[in-house]
Each structure stands twice: as structure tokens, then as C-alpha cells.
Amino acid sequence: MDRRAFLKLGAASSAVAFSGAILSNRAKALPQPGGKDFSPATGAERQAVPSACWQCVTRCPIIGYVEDGRLVKIEGQPDSIRTRGVLCAKGQGGVNQSSDPDRILHPMKRVGKRGEGRWQRISWDEALGDLAARMKKLREAGEPEKVMFHYGRMKASSSKLIGLFFETYGTKTIGNHTAICEAAKWVGQELTWGVHYDNWDFDHARYVLNFGSNILEAHTNHVPTAHRLIDRLASGQLRLVTFDVRLSNTAAKSHEWLPIRPGTDRAAVLALCQVIMAEDLYQGDGAAFLKFCKATSDHQATLEDKVAALKAHLAAYTPEWAEGITGVAAATLRRLAREVATVKPACIISYRGAVAHHHGADTERAIQMLAAITGNIDAPGTRCVAVAPKWKSPTGPENKPKARELKIIDGLKGAAALPNHHVSHQIFKVIKDGSAGRPEVYIWYCHQPVYANGEVQDNIDILKDESLLPFTVCSTPFYDESAALADLILPDTPYTERWDWEDMVSPNQVAEFYIRQPLVPPMGATRDFADVCCDLADRLGMPLGFKSKEEFVRLSCALTPEIKAQGGFDFLRAKGVWHDPAAKPRYFSYRKPLKPEDCQRDGVIKDPTTGVWWDWKKAHVESAALALEVGYRATKKAYAAYVGQEIDGVVYAGFKPDKVNKSGLFELHSDLMTDKGFAPLPSWTPIPEHAAMAKDQLILITYKVAVQIHSRSQNCKYLTEIHHRNPAWINPATAQEKAIGDGDRIAVTSRFGRLETRARVTPAVAPGVIAISHHCGHWEYGRYASSKQAPDGVEDPDAARKWWRDNGAHPNWIIGNVADPISGQLRWMDTVVDVQRI
Amino acid sequence: MCNASETGLSRGEEARARSGVYGLLARVFRAEADAALLRHLQSPEIVAALGRPGEELAAFLTRQGTDRTLADLAEEYTRLFLGPGPHLSLHEAVLVPGGAGLLWGRETAVVKTCMGEAGCAVADQAELLPDHLAVELEFMAHLCAEEAQGWLSGDAVGARNAAAWQTAFLNGHLGTWVGSVRERLEAARPSPFYAVFAELLCAFVRQEVETCLSR
Ligand code: SF4
């Protein structure tokens, strides 16, 4: 019975409703868990400060509890619709960030050779005076691009403000770190449905098919999605099937774990698609969705044409074919194809296990295809186009210079066909190569380029070389492996001492606005790097229009209508989070027809080759005639001028493109891929290294655990006490072939280097594989991460209680900075290694 | 709960209708059927609202005289839910997966506290434990009625509070064990009467949990 029928039944049944078993008053206010905390020593209520976590990129709303001016506890924010008050261990461990005894509390200048570890404390005035003078000199010489800024984590207001500073200064030589995260996934999405980020609507899903996501331990929207998935699993309302090389905790909580050979997920997905098309299981929701898809080179193809094209393309990808590649039985693949096509709604999810490979972007395209032909796109219970709050913020000075750029952020020549998110892991190689020029001032922020990329020795050698990088500046709260190679350290505040407005995606398709505010004041002489940018801007004679991040956040609250209406900055300071209680979850946004006037606006024309309506004026084309002649696809950055997509005579909002000139259709067939020399439809291509490996060699894979962030949490003693060593997982059959026993010392050697660690023999990993977690093997980052005190470190009574000596092994020493030729993604899971007992 | 534009009802009307469904289900599982209940179930609005199950139910209820049907249903209610002998004890503490498996188990105490916090208690004369299926359903009926009253009288805070209680109770209690009721009832081979209502119970509560989650 559907909802309507039940409500009719209810409306007609009010006569029999009550028996009087319940005696009642009016319901009292529902007691909210959380939101208050008390000192166990004095019983006094602790000061509760609403803020936001920043241990990982999920940025969950939190409440920090302060006692006697010290941050003593962090809990979830019960009023958040994203987390519903849930917080992970990493978030709770954040309490160690402020009180880390190895924090850098003062600006430091190197006095010995770079990397020698000899430092002198200096004043902020001296530090920023020196940096501003260098920046000024380059700008006056007409070479502002020789100031390179390289960030790791930078989001929301931090991203806006710091980006504004460098834009106003005039450099576009700005590196990020997305290629070591999930660039392949984003490029796969940009090629299919445009603006990236898929939200997984577990609240309504009945079936979840997981390709290589360890969502219950780590994810870019971890707590908001993971706790919902757990809720559904625990109440028996959802079936979870996981393809993963390793029995992660997500795989272990799944109804079914399918240990798959590394890098072969695409073959499995193609086989599922083959069965669905061959058995006509696409009919119904899948067929309806195909109306919005491009499945052939003709954007006006009929449903029959699309179906025929997909059937023909997939015909060879049978489950029997895939079994030989993936190691997953053909019968299982066939059964799963039928399940995912018939249990509605199904949410198909993916992450690095599937995409951090050669042609990983094509794997994401294949997964998008599977979701599309089963009709599981942007509908309740499926993978949806993400919803996030839209903040407005100050835009800085009006007359900004035309920024200049060194072409060094997209990798070595030919590294990636579509480096939409750049190729950050190869930046040092490109700098060494030198043919595109080199920065004279290299500044990094919230980043660990030495430790977080592959080929660690290369990174150290290049960053240390003053002839390649004359002046290096690091903004960091902690003395890590990269900071050790800086010339100037600007002590940043940890997130527990900062301001921000925040904007992460909501798991329930309703936007949530929230802020971060200092739980305690900045310690020592530390300063948020965004505040440093405001100061530098003044020193460079280009004031930004606000003096601090706090002011920037305050102004943003006043500029953002939704927040202004609630009371602005003061309201959010007090409440921490806000969402519109009347807002409806957003689904099916692509189906919205545009108003006729949207297409009649001046400059808006239809591109006959793609059916895209676009604004040639916004795309900076000289005339309508030229725009029609050159066409949408061949016009630079035409995607930014997209208006809508015509389908059967109606113009729909469609799937708005981003970063590439795709149409507004959901592109299974991509002409952009053809242009770049790849197959237009998702296709199987073997991983070259795997195809060429010797029989006794293994594939190295990496993973994250639930209690650590990739490289920014090992200074937290609570977390590192739980996870500090990472023996290499190896399957018993593989171990036996190599005469390796549990606990044996082993050497793992790749073409990039050699590391030693211990073996953990376990059936929880597929044969032929060796799995080593991230997070470990630090040689700096303070006493808890590396057993080494930082130069500015202070006493900590807990240090005497540190019972572990083994800090584990860091796999990145032996992983290459090798890019997916489509997206530039670092191919974390493709390294071939020799493994021996020693 | 479900938004008004999807159902064509205002929030207040919708909450009132939901209260009606909970109330009807509470009545069915609280005690043996009586003539008033049978009459209600055979009314054209109910048969139409129930669709195919409604027709099956109407056919079952009219295949013999009312007295005979009532006697059969009374006997069946006793066999299924009261005993003596093997029967289905309709209590959360007994049936919730991983629960105490006992009458007046820890879940009963938690439900009683929860109802108390919401300003409710089980009337002594009801002779039912707080975690009896009928009581939990009636508690929900009560909360929905309170929500309806809030919306219809312009008391949005009260309405939202009542809705928040529903979400908490569905997620923490009712929604966690109605699946077991249906499974166990199925195994006991009920007549179409209880089979239909077990299905309706499960489907409705599942919808409710989903609707609550998406709010
Ligand atoms: S998922 Fe955990 S670490 Fe990440 S932001 Fe949320 S609480 Fe912090």
C-alpha cells in the first residue's frame, strides 16, 4: 500500500482510534542527548562552544567543552541534521590538537642548512616583513606567478579568503592535493553528470552496492553517511554488498564481501551492466532515465538506438569474461546484476579502492552507467547530486590584476588528458624538470607534500634543494616532515582555535549552514594563516576589505540571506548550525524544465550538435555567428555558460557541466573521451603493470583505518595509542608460497624503493596482494607520531606513559607518483612489489 | 512527516490521518475483534482505501455470519497471542531481535520511561504492559494526534515537538521489532485477517520510519 492509501485508511479510521490505554498530558519537550557537560572534579557545568571538526574533510558540527580555559572534550552537535550528534573517534581525538606538546608556538627561521633542524625564533613582524618583501619584489618585476601557493586541506571560508588573497596578489600558481585523493572519481563524474560530488541517500536505500569504499572507517562525508548506513543495516532495512580487496570494517559489516583482484572493479561493473542490458532489466526506471542520457554519438538518439548501442558495446563483457579478470564467480556477478536492477532503490557507491588505478576515471564512469541503467540516479535512496549550503562572502578589491601562472601544476607532459583537478603529486618533478619555470617562493599550507605524496625520497631531495626552490615557507601548527624542510615556519592555529563558515554536503539532501569558532584562544604566537594573509595584504598595499577571518565570517553571515534572516553571525555563534526546517530534500533536479524566458535571454543560443542552450556572451565569444560556427564543444570554458539541455523539444535544467564542455545529458557516451583518444563508452583496459608482472610478484594496496586521518592526526595521542603500527596484510596462501609466517620481518621492494615491516598473515585480504595502511612511519610530527620531540616542544606528563616504540612503516616511500592517464589521479593501488622474508 | 504537497493534505490533516492508522492497528492487536470493528472494516471507504487486501478482508469477513466470524476470530486471537501453549507474546522485550526475550524485560522499562518523559502513562485498567504492541501503537497515535492538534491550532513548536517524539520512538522502539511480529505471525499460519494486518503493520511502520528519517 502506498502512503496515500494509508492516509485514506487513517482518515476513515479516526472513529476507532483510541482505547484509552494511554493516559496523557501534553508531550514534554523531547530531551536532547548531548549539549551539556560537567566537570567530574567540581560538578560545575563546562562551557559549551558550538564549532566544527576539521580532523577530516567531513567537517562535522561539534560542541567543544572548555574547563578553566582548557579544551577538555569534544562531542557531536545534537542539532546537526548531517550528523544528528554523532562523532567519530578522530573527531573526539581532536581534543589533543590544541594541547599537543609538540606544537610550534612561534614563527621560526632556519639558521643551519635546509633540513638540518636548526631554528631561530623570530617575531611575526620579521617573518612577514621578509616574506612581504620577497613577494613585493616579484610582483614589481612582473613575475607574481613565481610565488607558488600549495595547499592540502582548504575549504569553505578558508579557501575563499586565502584564494582571494593570492588572486589579489596576482598569482595563479596554486597547487592543491586532489590528485592524491579522488581526482579520478571527480573526473569520471564530470564526464557523466557534470558538477562532481555524489551524495549517498542511505536513509531511503534498500540496497547498497559498494565498490572499494571503506565508508564505515573513512570517507569525505564520513560520519553523516556512515551512521545512517549503520542505522539502516541494524534495523534490517538494507542489504549491503561490498567489493573490496581487503576485509575492511565496511566489508565485514556487509551482508556479502567479494574479495576482488586489485584494479578490476571496472570489469565487474561492466559485467553487471551486460547482464542488465541483455536481460532487459533496464526496463522501467532505467529506461525512463535513459531519456536523459547520451549513449551514442547522436544526442537525439531514440531509446531503441540507445539500448541497441549499449547492448552491442557490452555484449563481450559477460560475467564469464569478468570472472577470469576479477576472481569473482560469474554466477555471483549474474545474481548481483539481477539484485541491483530489481531491488529499488539501490545506492551504488565507490571510492579509492575502485578508482585509484590506471583509468580509474573510466571505472567511475562505468559505475555511473550501472546506476543510470538501473534508474538509480538522483532519486530518493540512490546516488544523488550533492546539496550544500550556498554562502555569500566578501569579494575583495574590485580591480584585481590578471593573475599569471607557471604551468607546473598539471603534471609532467602528457601525464593526464583531463587534469581537471591538477596533478599535485608530480609538482616537484615538474619543478625539477624546470622547463615550465620554477617558483622562487614556495608556500604550503595544511599540507604535507613530503609525506602525503608517493616517492618520498624524491620529495625530500627536491624540497631540500635550494637551487630548485630558493625560498620555502610553511604554515603549519605542527613540526612535520615537510615543515622540517622550510626556511620559514609560520605557526598556524589548529582548527580548534579558528573561525570559518562551513559548507559540507548534507546526507539528506537538505542544506545545513554552520560555522567553526575558536574553542580556546590561539595559543602562544600562533595565527590562522587566513589572518596572516590579511596582514600580508596590508603590507603589500592591497587591503582586502577585512582585517581577519573572524571579520570575513561575520560579513559573510550578513551577506547570506538565510543566515541574516536568523540573526546573522551572533545567531550562528550561539547555535553553531542552522537548516531551513521547511526545506524539502532535493531530488531529480535535472528534470526541471526551464522557463521560456531563460532561453530567450540576450546571448542565449542553441548548439545544434549537442542540444545545449548556452550563453555565448558569458563564454566571451565575439558574436553569435562565431559561437554558432565554432560550436559549444569547441569553445573554451563554454561549460561555464551552460543554460539548459533540449530533449524532445523541451529545455531541461539537465546535468549542468563543470570543468569540461559536456552536454546537459548524463553522458554514458562521451565525445570528450573520444577527442582524447579513449573509448567513448566505459570500457575494459588492463592495468599495464599488472599485465606485465611476474608470477611471484604481489600488488601493494593501501588503506585507512577508523581512528586516523591520512597524515594529520598522528600527533593526537589518544588516536596514535590505538593505531601506531601497521604490519603488512598478506593472505595465508600467498604467505605460504613465500615461506612467510605471521609476524615475520619482510622486505617489500618496488621500482621506487624498499621498506621493511612485519607480516600479518590473514585471510582478510585477497591472495596476491600486500596491504599496508597509511598513517604510520612518521620520522617527525612530534613524540607521539615519531617518538621525536619537536624543536619547540614542551613537557607532557603523558609522554612518560607512551608505551609503544614501533611507529610502523610508511608505504609512500615505495609508491610512485604515477598518474591515471585520464584524470591525473595518483595510482595508489597499482604498485607491483617483490616481497621477501628477511 | 511526509510533506503536504506529496499527499495533498496539510500537515495537520496528515498527522491526524496517521493517528487514525496507528489507532486502527492498535485496536486490531489490542484485543479480540468485535462487531464494531468488523462493521468499520467492511465500510466502503475502508475497503476502497485498503485496495486488494481490503477486498480479501471483506471476502473473508463475509463468508459466514458475523457471530460465527467473531467467534472464529476470538479463538484465533487467543491461539495466536494469548495462549495457553506456544503463542506470540506481542511485547517488544520478547520479540525485538537481540532483546531480553522476557516479559517485563529491560526494553519494557525503557519504553515506560520514554512514555513517562513524553508525559504519558499506561492506564491501569488497560491491563497491558507498556511495550505491548497495541500500547506502542496507541502511543504513536496519541503523539500524531498531538502533532495534528499543534499544526491545526497554529502551535508549530508543539507540533514539531510531538513529531520529534515520534521519530525518537519509531527509531528506538516500534520500528525495531514489527518485522519480527510479521515473521513470527507468518510462521503461526494466521487467517487472512491477521495476515493482512501484520502486512499492513509492517508496511506502514516501515514507511513511517523512512518518512521520519527523511525529515
Ligand atoms: S568524520 Fe570524524 S574526523 Fe571527520 S569531521 Fe566528522 S568527526 Fe571529524
- Query: Less than 4.5 Å apart, any side-chain heavy atom of A/Met1 and any of B/Arg52?
  - Reply: no
- Item | Per-residue contact mode, B/Leu200 against chain A (heavy atom under 4.5 angstrom) | both
- Message: My understanding is that only residues two or more places apart in sequence, or in another chain, count here; which of them pass side-chain hydrogen bond (donor to acceptor under 3.5 Å, both in side chains) with A/Arg206?
- Response: B/Glu210
- Query: Around atom NZ of A/Lys253, are there more than 12 heavy atoms of other residues, nucleotides or ligands at under 6.0 Å?
  - Reply: no
- Looking at B/Val135, B/Leu50, B/Thr176, which has the largest count of heavy-atom pairs under 4.5 Å with chain A? B/Leu50
- Query: Quick one: what part of B/Ala203 sits under 4.5 Å from any heavy atom of chain A, side chain, backbone, both or neither?
  - Reply: both
- Closest non-hydrogen contact found for A/Ala5 with B/Ala49 is CB-O, 3.5 Å
- Item | Pair A/Arg4 + B/Glu14: basic N to acidic O under 4.0 Å | no
- Message: Return the CZ to CG distance between A/Phe6 and B/Leu24, rounded to the nearest 0.5 Å.
- Response: 10.0 Å
- Shortest non-hydrogen contact from B/Ile46 to A/Ser13? CD1-OG, 3.5 Å
- Item | Least distance between heavy atoms, B/Gln207 atom then A/Asp2 atom | NE2-C, 3.6 Å
- Item | Pairwise distance CZ(A/Arg84) to OG1(B/Thr167) - rounded to 0.5 angstrom | 9.5 Å
